[in-house]
Amino acid sequence: VSPGGPRLWFAAERLPHLLAAFPASVLESAIDPLSGAGPSAGPCSGAPAGSTAGLPSAEESLAEILRGRLEVIGPTTAARLADSCGLPVPAIEPALGRLEAEGFALRGRFMPGAEGTEWCARSLLARIHRYTLNRLRSEIEPVSAADFMRFLLAWQRVAPDERAEGPASLAPILEMLEGFEAPAAAWEGDILPARLQRYDPGWRDAVCLSGRFVWARLSPPRGAPSRNPAPVRATPISLVQRSRLAAWTSLARKPETDADLALSSDARAVFDLLAERGALFFAELSGLSALLTSRVERSLAELAARGLVTSDGFTGLRALITPSRRRRRTSPFGMENAGRWTRLPREPGASGEPLHAAEMIAPVLLRRYGIVFRRLLDGEGPMPPWRDLLRVFWRLEARGEIRGGRFVSGMQGEQFARPEAIERLRALRRIAPAGSLVGISAADPLNLAGILIPGPRVSPIASSRILFRDGLPIAVREAGEVRLLVDLEPPEAWRARNALLGRRIPPQLRAYLGHTA
């Protein structure tokens, strides 16, 4: 007991530290320090402690006393610790700083509604955090794959009531679909019109010409390059943010030098010209290369098909995949309207390191699907290893930015979700299926038949389509033929057929996409 202070209880092995930290204390019961408890204080009586020779320093002793407190009481404030010891706050602050420097204690705000700085033992805080994550994970009831598919149709703005409107809605949708590889003709023929009411190709030109997004072939062609390759409707094209282009490119292809490229003489001349002069307009390429415009056009087609060049606007790709005879007659998309042409980056660097790529792509996947797990990536293009993505997801979960748990039943491995996705999934689960029909292209990111939904895989071809009813595929169109996946009454079968075939393309896009799907 300190004169005029509170009565303190302590463990016998803490006696040397107590005497050093409270030199004016009076022991109510005479005890001897336990063997091995530290420097001996000698026999103690009920009188005030005598000499402190051989005792630990006051700061060290107080730090040890506070260490024991913090190991058991959880997050607390310096004021509460000082009050429990009968000391002013300034007297214990050096001891707390000592524990923080050792890495034993952490300061911060850990409890909801905490006022001021709190202190907590690092190990105890980690245990509390782990228990909190486990509790949050156990609170979530998983949904069926069909309900998750209903959620995805709404999350990606494909459900009729969720479709976006206006040019300002295009950029968020492109951010959601960033890095996904789809046939060139599918982007404006199906994928974007399925998410945007009254889609206008001018919107896409605007976001590309602004420099925010760029189109490119990321994955190299399979097998040996053909003699005269050129982009076609089925050429896989991705849309990515220009600031991340180097990372996406290095992730998708192996580093290669210019000498490794097997190009035609004209394509080599155009490629070297772009390397020497930088970005150039089509007219500049024609003049500086001394080639006919038709030969420059074929050279750009070869380079674009190999994933070596891109243009400022999407018009350049439209012009390349439009047959020349049709482009001269009816198409408003010409090479002269493509903007500048430039080489795509192919050099490896820090942006191409697996962990850095995972840190970039993990948030993209969360934007795309809301809820991410290993099986979803089977339909994606080049991806970092799942183990690298897991590290990023764990870090985001530890920071409270996403949630981990079991959200979709029947899916193995860990699952992670954005908080707003969990709320939308819960809300959708309370809505009974209404039998609504939603058709998508087989090249759409939501073609998860055979991956998420049981059943046969549908090849991601732009001309093929899949029809969903309440999150389950009921019909597909392949090679121009409609095939029912479930038994339907004649009126329902007629309705399903119309839903698959009743798609129209904006008039300004028919020149290179055709009149119908």
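Note: hydrogens, waters and symmetry copies are ignored here, and every other heavy atom, side chains too, is used. Bear in mind that the values here come from a model prediction, so they are computed numbers and not experimental data.
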All side chain to side chain donor-acceptor pair (under 3.5 Å) counterparts of Ser464, not counting sequence neighbours: none
With Arg107 via salt bridge (Lys or Arg N to Asp or Glu O under 4.0 Å) - residues at least two apart: Glu100
Proximity of Phe148 and Phe373 rings by center, below 6.0 Å: yes
Asp378 vs Arg457, salt bridge (charged side-chain N to carboxylate O under 4.0 Å, His left out): CA-CA, chis, key distance, verdict: CA-CA 11 Å; Asp378 291 345; Arg457 280 288 279 134; over 6 Å; no
Greater than 12 external heavy atoms within 6.0 Å of Arg340's CZ: no
Side chain proximity check, Arg368 to Leu376, heavy atoms < 4.5 angstrom: no
Salt bridge Asp147-Arg150, side-chain N to carboxylate O under 4.0 Å: yes
Arg195 and Gln156: CA distance, side-chain angles, deciding distance, side chain to side chain donor-acceptor pair (under 3.5 Å) verdict: CA-CA 7 Å; Arg195 293 162 171 81; Gln156 289 203 11; 2.6 Å; yes
Parallel, tilted or perpendicular: rings of Trp215 and Trp341 (30°, 60°): perpendicular
Atom CH2 of Trp386: over 12 foreign heavy atoms under 6.0 Å: yes
Pairwise side-chain contact, Leu317 with Phe314, heavy-atom cut-off 4.5 Å (strictly under): yes
Side-chain ion pair, Arg426 and Glu423, N-O less than 4.0 Å: yes
Qualifying residue, where the test is side-chain contact (heavy atoms from CB on, under 4.5 Å) with Met149 and the options are Val143, Ile453, Val438: Ile453
Separation of Thr117 OG1 from Phe110 CZ (nearest 0.5 Å): 9.0 Å
